[in-house]
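Presented below is the structure to which this report refers.
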Amino acid sequence: MLMFVYLNGKEIGESGKFPPDFKTAYDRDRKYIVPADLLKADGENVISVKVYDAYLSGGITDGPTGIYIDEDMNCSI
(Lines give C-alpha, C1' and ligand atoms only; values in the text may rest on other atoms or scores of the structure.)
Protein backbone atom coordinates (compact mmCIF):
# COMPACT_ATOMS: atom_id res chain seq x y z
CA MET A 1 0.00 0.00 0.00
CA LEU A 2 1.20 3.46 -0.91
CA MET A 3 -0.05 6.32 1.21
CA PHE A 4 0.17 10.11 1.19
CA VAL A 5 -1.09 11.89 4.32
CA TYR A 6 -2.23 15.51 4.40
CA LEU A 7 -3.24 17.85 7.21
CA ASN A 8 -5.32 20.84 6.19
CA GLY A 9 -4.22 20.40 2.58
CA LYS A 10 -0.47 20.18 3.24
CA GLU A 11 1.42 16.89 2.85
CA ILE A 12 2.89 15.71 6.15
CA GLY A 13 4.07 12.22 5.16
CA GLU A 14 4.16 9.36 2.70
CA SER A 15 5.10 5.70 2.51
CA GLY A 16 5.56 3.24 -0.36
CA LYS A 17 6.01 3.92 -4.10
CA PHE A 18 3.70 4.13 -7.13
CA PRO A 19 4.06 1.77 -10.11
CA PRO A 20 6.07 1.02 -12.15
CA ASP A 21 8.38 0.79 -9.11
CA PHE A 22 5.54 -0.18 -6.76
CA LYS A 23 6.68 -0.73 -3.20
CA THR A 24 4.15 -1.65 -0.54
CA ALA A 25 4.26 -0.27 2.97
CA TYR A 26 1.16 -2.04 4.30
CA ASP A 27 2.91 -3.41 7.36
CA ARG A 28 4.52 -0.21 8.61
CA ASP A 29 3.41 1.98 11.47
CA ARG A 30 3.12 5.57 10.38
CA LYS A 31 3.97 8.52 12.57
CA TYR A 32 4.42 11.96 11.10
CA ILE A 33 5.63 15.10 12.83
CA VAL A 34 3.01 17.80 12.43
CA PRO A 35 4.33 21.35 12.14
CA ALA A 36 2.51 23.41 14.76
CA ASP A 37 1.61 26.10 12.23
CA LEU A 38 -0.56 23.59 10.30
CA LEU A 39 -2.89 22.97 13.23
CA LYS A 40 -5.95 25.19 13.60
CA ALA A 41 -6.50 25.84 17.30
CA ASP A 42 -9.87 27.54 16.75
CA GLY A 43 -11.21 25.50 13.86
CA GLU A 44 -11.57 22.12 12.22
CA ASN A 45 -8.42 20.19 11.30
CA VAL A 46 -8.82 17.89 8.29
CA ILE A 47 -6.70 14.76 7.83
CA SER A 48 -6.87 13.33 4.31
CA VAL A 49 -5.21 10.21 2.99
CA LYS A 50 -4.54 9.17 -0.61
CA VAL A 51 -4.06 5.39 -0.85
CA TYR A 52 -2.95 3.10 -3.67
CA ASP A 53 -2.99 -0.64 -3.03
CA ALA A 54 -2.36 -3.42 -5.54
CA TYR A 55 -3.25 -6.29 -3.18
CA LEU A 56 -6.35 -7.63 -1.43
CA SER A 57 -8.99 -5.17 -0.23
CA GLY A 58 -6.57 -2.27 0.30
CA GLY A 59 -7.03 0.97 2.15
CA ILE A 60 -7.02 1.69 5.85
CA THR A 61 -8.57 -1.41 7.37
CA ASP A 62 -7.70 -1.39 11.07
CA GLY A 63 -6.26 0.58 13.93
CA PRO A 64 -6.68 4.02 15.42
CA THR A 65 -6.29 7.13 13.29
CA GLY A 66 -5.99 10.70 14.46
CA ILE A 67 -3.70 13.38 15.82
CA TYR A 68 -1.99 12.44 19.06
CA ILE A 69 0.60 13.96 21.35
CA ASP A 70 3.77 11.91 21.78
CA GLU A 71 4.93 12.88 25.25
CA ASP A 72 8.34 11.23 24.71
CA MET A 73 9.05 13.30 21.58
CA ASN A 74 7.32 16.41 22.92
CA CYS A 75 5.58 16.87 19.57
CA SER A 76 2.33 16.03 17.78
CA ILE A 77 2.23 12.90 15.63
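Just so you know, these numbers use all the heavy atoms, side chains as well, and skip hydrogens, waters and symmetry mates.
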| query | For Val51 and Met3, which heavy atoms make the closest approach, and how far apart are they? | reply |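 So the minimum-distance heavy-atom pair works out to CG2-CE, 4.2 Å.
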Spacing of [atom1] belonging to [X] relative to [atom2] belonging to [Y], to within rounding of 0.5 Å:
{"X": "Asn8", "Y": "Lys40", "atom1": "CG", "atom2": "NZ", "result": "4.5 Å"}
{"X": "Ser48", "Y": "Lys10", "atom1": "OG", "atom2": "NZ", "result": "12.0 Å"}
{"X": "Tyr32", "Y": "Ile12", "atom1": "OH", "atom2": "CD1", "result": "7.5 Å"}

| Transitive ILVMFWY side-chain link Ile33 to Val46, under 4.5 Å | no
| task | State, yes or no, whether a side-chain contact exists between Asn45 and Leu7 at a heavy-atom distance under 4.5 Å. | result |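 In short, these two side chains touch, coming nearer than 4.5 Å.
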| Min side-chain heavy-atom separation Tyr6-Lys50 under 4.5 Å |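 Result yes, sub-4.5 Å side-chain heavy-atom pair found.
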| said: Under the criterion side chain to side chain contact (heavy atoms under 4.5 Å, CB included), I'd like the reasoning laid out for Thr24 against Leu2: C-alpha separation, chi angles, the key distance, then a yes or no. | reply: CA-CA 6 Å; Thr24 188; Leu2 163 67; over 6 Å; no
| said: Angle between ring planes, Tyr52 versus Phe22, binned at 30° and 60°: parallel, tilted or perpendicular? | reply: perpendicular
| said: With a 3.5 Å distance limit and no angle check, can you tell me whether Arg30 reaches the backbone of Ala25 through a side-chain donor-acceptor pair? | reply: yes
